[in-house]
J.: 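Pasting a structure below so you can have a look.
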2 protein chains.
Amino acid sequence: MSMTIADIARLAGVSRATVSGVLNNNPTVSAKTKKRIAEIIEQHNFRPNEVARALALQHTALIALVIKDVSNPFYSKISLGVEQVCAEQGYSVIIGNSQQDVAREIDYLGLLERKRVDGMIILPLQAHEDYSLFKNLQKAGYPLVLLAEIPGIKTDLVRVDDEKGAYNATRHLLKLGRRNVVFVSGPETALASQRRLAGFQKAFEVEGMDFSARNIVAGGWRYQDGYNAGKKMFEQLLFVPDGVLCYNDSVAIGFIRALTEKGFRVPEIAVIGFDDAGAGAYLPTALTTVAQPAIQIGRLAALVLFRRIKNRTKKIEKIILDTELVVRESCGAHLTVPVEN
Amino acid sequence: MSMTIADIARLAGVSRATVSGVLNNNPTVSAKTKKRIAEIIEQHNFRPNEVARALALQHTALIALVIKDVSNPFYSKISLGVEQVCAEQGYSVIIGNSQQDVAREIDYLGLLERKRVDGMIILPLQAHEDYSLFKNLQKAGYPLVLLAEIPGIKTDLVRVDDEKGAYNATRHLLKLGRRNVVFVSGPETALASQRRLAGFQKAFEVEGMDFSARNIVAGGWRYQDGYNAGKKMFEQLLFVPDGVLCYNDSVAIGFIRALTEKGFRVPEIAVIGFDDAGAGAYLPTALTTVAQPAIQIGRLAALVLFRRIKNRTKKIEKIILDTELVVRESCGAHLTVPVEN
DNA sequence: CTAAAGATTTAAATCGGTTCAAATTCATGT
DNA sequence: ACATGAATTTGAACCGATTTAAATCTTTAG
């Protein structure tokens, strides 16, 4: 149906090799044939079949990005960054949503072997029984960039310093005089949640405050998860906090909704989110949050991946970016004088 | 480096054709060889190269989804739906963000010819100088499903009845007694915005109300666009509305933020969004909105695309879904008695 | 005018699968 | 034991590009 290089060769009265030469701007083909054939190509609107090209060249100009769920604003921004630099480099990106499901994630990992994508950026779940698959893939030389560590594996990595981010946010709350502060956690399969919890806890220590199980409540990563957590908390009223650090902005937004429904208000209850993706900045009471440079994370991950694709021997890159506490209204900083200690 | 079908053939002392037979579960190869070779394949963890397969079979098991911006919650939900059914069918999806840029969109269109993706789902911009590219692609038999009409082209299409959706929402506001109602428009390159405006306007007619340019304000599609529109409006105070229909939820959220900053409140000013994707339902004053079944749209688009991929002769499918007005708090329906007319 | 050097072009192999006509093996009935 | 037909396997072509050694064509110098 569509033209092939052989058709063009026939039309031009020349060999396929020559046509290939002009396609790839090979200096060995003369300027005049180049022009002549280029015209014929143009005329017939011939586009070389990249599948055939991929087979011959052993690379597909495709990479895969596997995240939990593009409909989460933070991940969608990462994907935007990834796609940006891929487009610049002439690559396309296959996107996979693991949906927090290990089986799906494993399935996507298979794209490396099956579809021969040139590399993969992946936010691995922390729920695998073992990580030999990752280990094997990496040992087999497949370019892999992670967005979160995997136990016992050294690979290129781009992430943010979750612990420090949570630590700073928590200290901020504490400095503002909040004393009943809780952390609404993320999904158990997220290493980032554990890290943020660690930072949260550390702030308690540093401020010399007691920390107990009451300071943690189980959350999740979606609006609904935050809402549920808040609902439960404000229905039972076992413990009414005056400060809350949430796993991410979506959880914070859901939590705030729940608290509002029960007649409480922000920032009387101070709330801080994490990510700074999505609607937070535009809430009626704008959300204070630990901002991650999501697009930048995506861009860097892609850049690191390309470096690895091009140069298989280079040593491992581990990029850990800083977060930034973006103080808006929901933490009450604009109302309260910080407590010095 | 990695195993090929020839390696397996050699290992099994059999021809490549036979190995291919077991890979494709060809009934002509005997059960015992099938088992024997399957074991060898398993043992060596051989995965056939799908690039080679794609070349031979002339299909890649890839489709492309081109939207404006995955980081918009509505599009990300569509992409989720698309990916769901693709995963079920063993397809992968390449995602492209046109970013409202015609050149980028055209570039992505090229994936059909270049990367030989088996089909494409695309939300075309309305800013092309001409649509011959689409026309040619479609004439050349490339499977194409649109998420918005293109002037003068008949292709498979899945979308929502924007006009009716906006009409219903507007009537709702009007019935609630709101008299100074405005439409915060979407980007000019979005046909959907024009359709929603038409529905908005029609409601005015039906209610026998005057409609003028004051009833439209230029918006956009992001939080920031809604915010800017609101800010401008409430700074100038030329016209303070008591009801607002926004192009989408993001615009509504931004608009509400602007109005809040200026000391106004929702639902004293009633606000309705469009899409029902993202944070709307979890705002302190939950957003009333015209809900689109985004995931379903994605799923249907993918399903239609697969039908077209499999059966090139079938006639065109045009699926127009209904929206649903989800009444929450931001339109004030829970406070106001509807006005009968 | 011719040989050597340099510039271009080409034939054929290759990438790793699928497919189909032809060849081979197997089973059955006599 | 043998002919026959069915079941299975295989060789070779093909998908559409790239690549490289060899062939051919141009220049240039002597």
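Chain identifiers are assigned alphabetically (A, B, ...) following the order of the sequence lines, protein sequences preceding nucleic acid strands; residue numbering begins at 1 within each chain. Just so we're clear, the structure is a prediction, and the values are computed from it rather than from any experiment.
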J.: What is the separation between atom CZ on A:Arg10 and atom P on D:dA17, rounded to the nearest whole Å?
T.: 12 Å

J.: Among residues 29-52 of chain A, which ones have heavy-atom contacts with DNA chain C below 4.0 Å?
T.: A:Val29, A:Ser30, A:Thr33

J.: State, without any angle test, whether A:Ser79 and A:Ser76 hold a side-chain donor-acceptor pair at a distance under 3.5 Å.
T.: no

J.: Could you write out each protein N or O paired with an N or O of nucleotides 19-21 of chain D at a distance under 3.5 Å?
T.:
none

J.: Output yes when at least one side-chain N/O atom of B:Gln58 is less than 4.0 Å from OP1 or OP2 of C:dT18, else no.
T.: no

J.: Please check the phosphate of D:dT10 (OP1 and OP2 only) for any side-chain N or O of B:Ser15 closer than 4.0 Å.
T.: yes

J.: Would you name the heavy atoms of B:Val82 and B:Gly298 that are closest together and state the gap between them?
T.: CG2-O, 3.4 Å

J.: Does the A:Glu83 side chain pair with the main chain of B:Asn97, one donor and one acceptor, at a distance under 3.5 Å?
T.: yes

J.: Could you tell me how far apart B:His59 (NE2) and C:dG17 (C1') are, to the nearest whole angstrom?
T.: 13 Å

J.: If the cut-off is 4.0 Å, is B:Arg53 near the phosphate of C:dG16, judged by side-chain N/O to OP1 or OP2?
T.: no

J.: Ignoring hydrogens and geometry, is there a side-chain-to-backbone donor-acceptor pair from B:Glu317 to B:Val304 under 3.5 Å?
T.: no

J.: Rounded to whole Å, how long is the line connecting atom CG of B:Leu55 with atom C1' of C:dG17?
T.: 8 Å

J.: Whole angstrom is fine here: how far is it from CD in A:Glu113 over to P in C:dG17?
T.: 12 Å

J.: Under 4.0 Å, heavy atoms only, any strand: does B:Val14 hit a base, just the sugar-phosphate, or nothing?
T.: sugar-phosphate

J.: Figure out the CG/C1' separation between A:Leu23 and D:dG16, and round it to whole Å.
T.: 11 Å

J.: Less than 4.5 Å apart, any side-chain heavy atom of B:Gln126 and any of B:Pro151?
T.: yes

J.: For the backbone of A:Ala61 and the side chain of A:Asp118, can you confirm whether one donor and one acceptor N or O come within less than 3.5 Å of each other?
T.: yes

J.: Any carboxylate oxygen within less than 4.0 angstrom of a Lys/Arg side-chain nitrogen, looking at B:Arg10 and B:Asp7?
T.: yes

J.: Would you kindly give the CG-to-C1' distance between A:Asp7 and D:dC15, to the nearest whole Å?
T.: 13 Å

J.: Any side-chain donor-acceptor pair under 3.5 Å between B:Gln100 and B:Thr189?
T.: yes

J.: I'd like to know whether NZ of A:Lys35 has more than 12 heavy-atom contacts from other residues, nucleotides or ligands below 6.0 angstrom.
T.: no

